[in-house]
Amino acid sequence: MNIALLGYGKMGKIIERIAIERGHSIVYIKQREQSTGNLEQADVAIDFSVPSIAVSNIKEALTAQVPVVCGTTGWLEHYSEVADFCKEKDSAFLYGSNFSLGVNIFFELNDYLAKMMKNFEQYGVSMQEIHHTQKLDAPSGTAITLAEGILANSSYESWTLDPQATDKQIHIDAVREDQVPGTHTVRYDSSIDQIEIKHTAHNREGFALGAVVAAEWLKDKKGIFSMKDVLNLKK
Ligand SMILES: NC(=O)C1=CN([C@@H]2O[C@H](COP(=O)(O)OP(=O)(O)OC[C@H]3O[C@@H](n4cnc5c(N)ncnc54)[C@H](OP(=O)(O)O)[C@@H]3O)[C@@H](O)[C@H]2O)C=CC1
Ligand SMILES: O=C(O)C1=N[C@H](C(=O)O)C[C@H](O)C1
């Protein structure tokens, strides 16, 4: 399979290595200042760039009839615009706030726990995400997906970064620490005890492998998809 890399930073470079190990070829690399190769030759594009450029990267690839796997976070206010654009181009698009298998299992666990906790209002929920200091967006895309999972399965109404969250808001504490690849905790606290679920990424390998697996899955498909489709987790 021929792959275009849109963004060639920490993630782009690991994805390149894993893609080549799995027998694929990198035919196009787009960086901030330059691009090499030919986008039109790609069977699929993988975008791990920056929030401000992701939407135009995605549209450029879809216009060239190249399906896009996007791992870039922090641009979700434009998600429906991108989905509509993809449908208009009759192409394929898959966004994942987190491509690691472990986090996608954690998403399911989070949904299940939220459903269970809905009946026990003595517990209040809060979240914490910890990432490296170069991260541009807060809260993390993964934290937003976790919060959306709780919102869909509880009587909470929104999430907030504000520590003065109301009873109807899920507080997300976004912590930045040097070198941390990504740690997410969901906590249910009462005056009696605490229940916590936590995912810790030891490195970026799982994110990159998941993105390549998603690209292998998306090639030749049309439509809007998520990692739930790739991992067959849809109920
Ligand atoms: N979904 C998931 O599983 C994961 C998502 N992410 C997300 O992926 C994104 C990238 O992460 P990461 O690789 O760690 O970040 P990096 O900062 O290491 O890499 C981003 C790259 O994008 C480049 N870039 C900047 N402008 C453009 C442009 N106009 N066109 C193409 N590339 C451009 C940057 O170039 P320059 O160096 O010149 O600035 C840089 O090389 C982030 O949004 C992050 O949150 C990260 C890990 C996992
Ligand atoms: O920026 C990162 O590094 C990461 N970003 C993603 C996110 O925002 O959730 C996924 C992972 O946690 C690493």
Side-chain angles (χ1 to χ4, degrees), residues 3-19 26 28-37 39 42 45-61 68-79 93-107 110 127-149 159 161 172-186 198-215 218 225-228 230-231:
I3 298 177
L5 294 179
L6 312 177
Y8 193 57
K10 292 183 284 300
M11 285 300 299
K13 292 186 178 82
I14 305 173
I15 289 168
E16 176 183 45
R17 174 175 52 75
I18 290 177
I26 306 301
Y28 179 74
I29 296 180
K30 181 169 189 282
Q31 292 176 270
R32 186 185 297 258
E33 299 295 343
Q34 60 179 35
S35 55
T36 51
L39 176 62
I46 305 181
D47 184 285
F48 279 80
S49 59
V50 288
S52 59
I53 207 72
V55 173
S56 72
N57 276 352
I58 296 162
K59 285 186 173 176
E60 189 182 350
V68 180
V69 167
C70 177
T72 306
T73 52
W75 61 273
L76 273 195
E77 67 274 24
H78 302 291
Y79 182 86
F93 179 68
L94 189 154
Y95 166 73
S97 63
N98 197 309
F99 281 97
S100 82
L101 175 61
V103 162
N104 281 279
I105 293 168
F106 189 66
F107 286 152
N110 175 60
M127 293 171 41
Q128 185 188 60
E129 57 101 334
I130 313 176
H131 283 88
H132 54 94
T133 47
Q134 299 96 56
K135 187 159 178 61
L136 297 177
D137 53 319
S140 67
T142 306
I144 293 174
T145 306
L146 288 165
E148 284 169 350
W159 57 262
L161 286 167
I172 305 176
D173 183 22
V175 178
R176 297 293 169 259
E177 281 176 15
D178 204 20
Q179 307 292 338
V180 177
T183 302
H184 292 89
T185 306
V186 179
K198 179 174 181 178
H199 179 273
T200 306
H202 297 314
N203 52 52
R204 295 185 171 83
E205 294 287 309
F207 310 142
L209 175 61
V212 176
V213 168
L218 190 68
F225 302 100
S226 75
M227 276 307 270
K228 280 187 191 287
V230 179
L231 299 172

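First listed ligand is number 1; within each ligand, the first listed atom is number 1.
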Q. Does Thr72 approach ligand 1 within less than 4.0 angstrom via side chain, backbone, both or neither, non-hydrogen atoms only?
A. both
Q.
So, regarding Lys135 and ligand 1 (criterion: nitrogen or oxygen to nitrogen or oxygen, under 3.5 Å), is there a contact or not?
A. yes
Q) Are any non-hydrogen side-chain atoms of Pro139 and Met127 less than 4.5 angstrom apart? A) no
Q. For atom 14 (O) of ligand 1, what is the nearest protein heavy atom, given as residue, atom name and distance?
A. Lys10 CE, 3.3 Å
Q. Can you tell which part of His131 has a heavy atom less than 4.0 Å from ligand 2: side chain, backbone, both or neither?
A. side chain
Q: Could you find the nearest protein heavy atom to atom 42 (C) of ligand 1 and give me its residue, atom name and distance?
A: Ser49 O, 3.8 Å
Q.
Which residue and atom name correspond to the protein heavy atom nearest atom 27 (C) of ligand 1, and how close is it?
A. Arg32 CA, 3.6 Å
(Q) Return the closest protein heavy atom for atom 3 (O) of ligand 1 as residue, atom name and distance. (A) Phe99 N, 2.9 Å
(Q) Minimum heavy-atom separation for Ala215 and Ile46, please, with both atom names. (A) CB-CD1, 3.8 Å
(Q) Can you classify the ring geometry of Phe99 versus Phe48 as parallel (below 30°), tilted (30 to 60°) or perpendicular (above 60°)? (A) tilted
Q: For residues Tyr8 and Glu16, report the shortest heavy-atom separation together with the two atoms involved.
A: OH-OE1, 2.6 Å
Q. Is there a heavy atom of Gln134 sitting under 4.0 angstrom from any atom of ligand 1?
A. no
**Q.** Side chain to side chain, Gln128 and Thr183, heavy atoms closer than 4.5 Å
**A.** no
Q) Is His184 touching ligand 2 with its side chain, its backbone, both, or neither, if touching means heavy atoms under 4.0 Å apart? A) side chain
Q | Verdict with supporting geometry, Leu6 and Ser49, side-chain contact (heavy atoms from CB on, under 4.5 Å) | A | CA-CA 6 Å; Leu6 312 177; Ser49 59; 5.5 Å; no
Q) If you count the atoms of ligand 1 from 1 in the order shown, which ones are under 4.0 Å from a heavy atom of Ile53? A) 27 (C), 28 (C), 29 (N)
Q. Which residue and non-hydrogen atom of the protein lie closest to atom 44 (C) of ligand 1, and at what distance in Å?
A. Thr73 OG1, 3.8 Å
Q. Going by distance only, is there an N or O of Ser100 that falls short of 3.5 Å from an N or O of ligand 1?
A. no
Q) Can you tell me which residue and heavy atom of the protein come closest to atom 9 (O) of ligand 2, and the distance to 0.1 Å? A) Thr142 OG1, 2.5 Å
(Q) Testing Arg176, His184, Lys135 one by one against Glu129 for a side chain to side chain donor-acceptor pair (under 3.5 Å), which residue passes? (A) Arg176
Q) Quick one: which of Ala174, Ser97, Ala138, Gly141 has a heavy atom closest to atom 10 (C) of ligand 2? A) Ser97
Q) At a 4.0 Å cut-off, with the gap strictly under it, does some heavy atom of Gly71 reach an atom of ligand 2? A) no
Q. Shortest non-hydrogen contact from Leu146 to Asn110?
A. O-ND2, 3.0 Å
Q: State the atoms of ligand 1, each with its element, that fall below the 4.0 Å cut-off from a heavy-atom position in Gly7.
A: 22 (O), 31 (C), 32 (N)
(Q) Would Gly96 count as a contact residue for ligand 1, given that I'm defining contact as a non-hydrogen atom of the residue lying under 4.0 Å from a ligand atom? (A) yes
Q.
Which residue and atom name correspond to the protein heavy atom nearest atom 46 (C) of ligand 1, and how close is it?
A. Met11 CG, 3.7 Å
Q | Region of Pro181 engaging ligand 2 - heavy atom pairs below 4.0 Å | A | backbone
Q | Distance from atom 5 (N) of ligand 2 to nearest protein heavy atom, with residue and atom | A | Lys135 NZ, 3.2 Å
Q.
Taking distance alone, with N or O pairs closer than 3.5 Å, would you say Gly9 contacts ligand 1?
A. yes
Q: Kindly indicate whether atom 8 (O) of ligand 1 is approached by any protein heavy atom to under 4.0 angstrom.
A: yes
(Q) To check you understand the geometry: which heavy-atom pair defines the closest contact between Thr145 and Ser97, and what is its length? (A) OG1-OG, 2.7 Å
Q. Do you know which two heavy atoms are closest between Ala211 and Val69, and how far apart they sit?
A. O-CG1, 4.1 Å
**Q.** Nearest-option assignment for atom 3 (O) of ligand 2, heavy atoms, candidates His199, Glu129, His132, Met11
**A.** His132
Q | atom 4 (C) of ligand 1: the protein heavy-atom neighbour that sits closest, reported with distance to 0.1 Å | A | Phe48 CE2, 3.4 Å
Q: Number the atoms of ligand 2 from 1 as they appear, then name those within less than 4.0 Å of a heavy atom of Ser140, with their elements.
A: 7 (C), 8 (O), 9 (O)
Q: First locate atom CH2 of Trp75, then atom CG of Asp137, and finally report the distance between them rounded to the nearest 0.5 Å.
A: 12.0 Å
Q: With heavy atoms only and a cut-off of under 4.0 Å, state how Glu33 meets ligand 1: side chain, backbone, both or neither.
A: neither
Q | Minimum side-chain heavy-atom gap Gln134-Asp178 below 4.5 Å | A | yes
Q.
To check your reading of the model: name the closest protein heavy atom to atom 6 (N) of ligand 1, its residue, and the distance in Å.
A. Gly71 O, 3.6 Å
(Q) Heavy atoms only, cut-off 4.0 Å: how does Ser97 contact ligand 1, side chain, backbone, both, or neither? (A) backbone
Q: Answer with side chain, backbone, both or neither: which part of Asn98 has a heavy atom less than 4.0 angstrom from an atom of ligand 2?
A: side chain
**Q.** Heavy-atom closest contact (Asp47 atom, Ala54 atom, distance)
**A.** OD1-CB, 4.0 Å
Q.
Is the ring pair Tyr79/Phe93 parallel, tilted or perpendicular, if the boundaries are 30 and 60 degrees?
A. tilted
